[in-house]
Amino acid sequence: MNPSELNRRSFLHAAGAATAMPAASYARVQGANDRIQIGVIGCGGRGVYIMKLFQGAGGTAITALCDVYAARIDQARQHAPDARSFGDHRALLDSRTLDAVIIATPDHWHAGTAIDAMEAGKDVYIEKPLTLRIEEGPQIVRAARVNERVCQVGMQQRSGPHYIQAKNEIIGAGKLGKITWVQTVWHTGVGGSGRSITREKPSNLDWARYLGPVKWREWHPPQYFQYRHYLDFGGGKITDFFCHWVDVVHMCMDRDDPVTAVAAGGVYASKDGRDAPDTIHVALEYAGGYTVTFESATGSGLPPYGITFYGTEGRLFIDRGRYEFQSAEKGASPVVVRTKGEITVPHVANFLECCRTRQRPNGDVYLGHRSAMASHLGNIAYMQQRRIRFDPAREEILPL
């Protein structure tokens with residue numbers, strides 16, 4: 001092993017294990033009563049939704065809005081009328097009064113925007129998946145650690161009370177016995193891509209800026225309005241949905257070390273020109289001796305989503321509304337725990353608390369990187385049509 005590889009491994013290991021950062025690294029927020037000044041980068045539906053949750057948390061002020069599409073800034077301004085407007089996130093980051101940013105851009109802008117923000121001294125709340133490409137993760141983790149920034153990835157299950165309870169009281173208590181298989185599913189309706197051959201580009205949308213690091217192509221409405229269906233801009237169902245579920249698995253199992261990946265699927269139901277599969281099956285094998293699978297079908301009519309942990313002594317199902325534990329003991333009644341409320345609310349509150357205390361957040365950037373990494377292995381296996389062998393410590397795909 002060469003010295004640079006050793007240094008990289010040592011850095012990432014320390015990055016994952018650390019729990020706090022120096023309080024002196026935060027220049028402006030001094031106490032719980034100070035308002036945190038926040039900018040929003042990406043003012044689409046999700047960005048505005050998260051922005052409103054930040055406003056509802058109290059102790060915050062939305063003072064800057066950024067998007068390549070001016071119409072979306074106008075919509076966001078309805079909820080933050082005094083915020084300044086920007087078409088380029090770099091100009092927004094020049095503001096010395098900003099403490100933190102929300103990043104809700106398409107995936108191809110995540111890495112560059114997050115790194116720019118942290119190098120500008122801002123804390124970051126970024127929507128999942130953290131990365132578009134597997135190699136971007138260590139770069140973002142390094143930017144967070146070197147610049148001593150709080151970086152929360154929008155994997156809100158990490159802050160969901162019933163997820164935490166299931167981890168501690170069912171899995172952590174050993175009630176499932178040896179877990180051998182975790183099945184995750186997320187099925188969707190057929191839907192559409194918004195494709196319209198004759199649709200003209202809005203005059204106040206900066207298409208070149210939107211493309212950014214992606215190879216130039218002429219205006220293509222679906223690649224803007226439904227970017228997740230196109231692998232230049234997003235990772236399809238695997239990074240959009242599986243990223244959430246595999247993160248729950250990592251959280252509950254206290255390990256994040258996939259060693260193999262296989263995948264099969266394709267564009268079977270959709271007729272809109274997408275290149276991300278609308279039907280996909282992924283299987284990851286973990287070093288702990290169990291497999292994690294992901295299934296997503298379009299227009300299947302199957303139950304929409306959830307996770308089931310199968311163990312030698314029982315099974316546990318969990319989704320965003322409840323968990324249900326069924327012991328393998330004969331005659332045992334199921335244990336059902338339901339939850340209320342949007343779990344993103346405590347996730348936002350956790351981020352804001354960490355901005356003040358300088359603790360690591362529940363969905364810390366390193367955790368987000370490792371869950372995105374596992375998801376990317378599924379996409380790589382699909383695109384290369386082969387079984388992937390992976391070294392989770394070195395974070396390297398191994399030769400055949």
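Because the structure is predicted, anything quoted here is derived from the model rather than measured. If you read the sequence from its start, that first residue is 1, and numbering goes on from there.
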- prompt: Do Phe325 and Arg315 have side-chain heavy atoms sitting under 4.5 Å apart?
  reply: no
message: Would you call the rings of Tyr125 and Phe351 parallel, tilted or perpendicular, taking 30° and 60° as the class edges?
response: perpendicular
Distance-only donor-acceptor check, side chains Gln75 and Tyr69, under 3.5 Å: no
- prompt: Same cluster or not: are Met251 and Ile343 linked, directly or through other Ile, Leu, Val, Met, Phe, Trp or Tyr residues, by side-chain heavy atoms under 4.5 angstrom apart?
  reply: yes
field: Smallest separation among heavy atoms of Asn350 and Gln152, with atom names
entry: OD1-NE2, 3.1 Å
Side-chain donor-acceptor contact under 3.5 Å, Gln359 with Thr357: no
field: Flag for Lys237-Thr298: side-chain donor and acceptor within less than 3.5 Å
entry: yes
query: Any side-chain heavy atom of Gln157 within less than 4.5 Å of one from Arg320?
result: yes
message: Is there a continuous path of hydrophobic side-chain contacts, each under 4.5 Å between heavy atoms, that joins Tyr227 to Leu132?
response: no
query: With a 4.5 Å limit on heavy-atom distance, are the side chains of Arg322 and Val337 in contact?
result: no
- request: Could you verify whether a donor N or O on one side chain and an acceptor N or O on the other, from Asp232 and Gln223, lie under 3.5 Å apart?
  value: no
- request: Run the salt-bridge test on Arg158 and Asp247 with the 4.0 Å N-O cut-off and return the result as yes or no.
  value: yes
query: Mind checking what makes ring pair (Phe, Tyr, Trp, His ring centres under 6.0 Å) contact with Phe241, not counting sequence neighbours?
result: Trp186
- request: Answer with yes or no whether the side chains of Gln183 and Glu295 bring together a donor and an acceptor at under 3.5 Å.
  value: yes
Closest contact, heavy atoms only, Leu400 versus Arg389: C-NH1, 4.5 Å
message: Could you tell me if the side chain of Ile171 sits less than 4.5 Å from the side chain of Leu316, heavy atoms only?
response: yes
- prompt: Looking at side-chain heavy atoms only, is the closest gap between Pro304 and His187 below 4.5 Å?
  reply: no
message: Other residues, nucleotides and ligands only: do more than 12 of their heavy atoms fall within 6.0 Å of CZ on Arg338?
response: no
Step-by-step salt bridge (charged side-chain N to carboxylate O under 4.0 Å, His left out) determination, Arg209 to Asp88: CA-CA 8 Å; Arg209 180 68 188 159; Asp88 186 322; 3.0 Å; yes
query: Do Tyr305 and His244 have side chains that get closer than 4.5 Å, going by heavy atoms?
result: no
task: Quick one: closest heavy-atom pair of Gly266 and Tyr382, and the distance?
output: CA-OH, 3.7 Å
task: For the pair Arg149 and Glu119, evaluate salt bridge (charged side-chain N to carboxylate O under 4.0 Å, His left out) and give the outcome as yes or no after the intermediate values.
output: CA-CA 9 Å; Arg149 294 297 93 199; Glu119 290 183 346; over 6 Å; no
- request: Kindly indicate, with the supporting measurements, whether the criterion side chain to side chain donor-acceptor pair (under 3.5 Å) is fulfilled by Asn362 and His347.
  value: CA-CA 7 Å; Asn362 293 341; His347 204 53; 5.0 Å; no
message: When you compare the side chains of His89 and Asp116, does any donor N or O come within less than 3.5 Å of an acceptor on the partner?
response: yes
message: Side chains of Thr131 and His376 only: does a donor on one sit below 3.5 Å from an acceptor on the other?
response: yes
query: Got Ile318 and Tyr163 here, is their nearest side-chain heavy-atom distance under 4.5 Å?
result: yes
query: Among Leu284, Val282, Ile307, which residue meets the side chain to side chain contact (heavy atoms under 4.5 Å, CB included) test with Phe294?
result: Val282
query: With a 4.0 Å cut-off, would you call Lys175 and Glu313 a salt bridge?
result: no
Qualifying residue, where the test is salt bridge (Lys or Arg N to Asp or Glu O under 4.0 Å) with Arg228 and the options are Asp240, Asp278, Asp107: Asp240
message: For Phe233 and Tyr210, take the angle between the two ring planes, folded into 0 to 90°, and tell me which bin it lands in: parallel under 30, tilted 30 to 60, perpendicular over 60.
response: parallel
- line: What one should report as the nearest heavy-atom pair of Gly47 and Ala104 is CA-CB, 3.5 Å
- request: Work out which heavy atom in Cys151 is nearest to a heavy atom in Ile126; give both atom names and the distance.
  value: SG-CG2, 4.2 Å
query: side chain to side chain donor-acceptor pair (under 3.5 Å) between His250 and Ser371: does it pass, once the steps are laid out?
result: CA-CA 7 Å; His250 288 178; Ser371 293; 3.3 Å; yes
- request: Might you point out which heavy atoms bring Gly236 and Leu231 nearest each other, and give the distance in Å?
  value: N-CD2, 4.3 Å
field: Salt bridge Arg145-Asp364, side-chain N to carboxylate O under 4.0 Å
entry: yes
field: Salt-bridge present (Arg72, Asp67; N to O < 4.0 Å)
entry: no
query: Side chains of Met253 and Tyr286: does their closest heavy-atom pair fall under 4.5 Å?
result: no
task: Starting at SG of Cys43, measure out to CD1 of Ile62 and round the result to the nearest 0.5 Å.
output: 9.5 Å
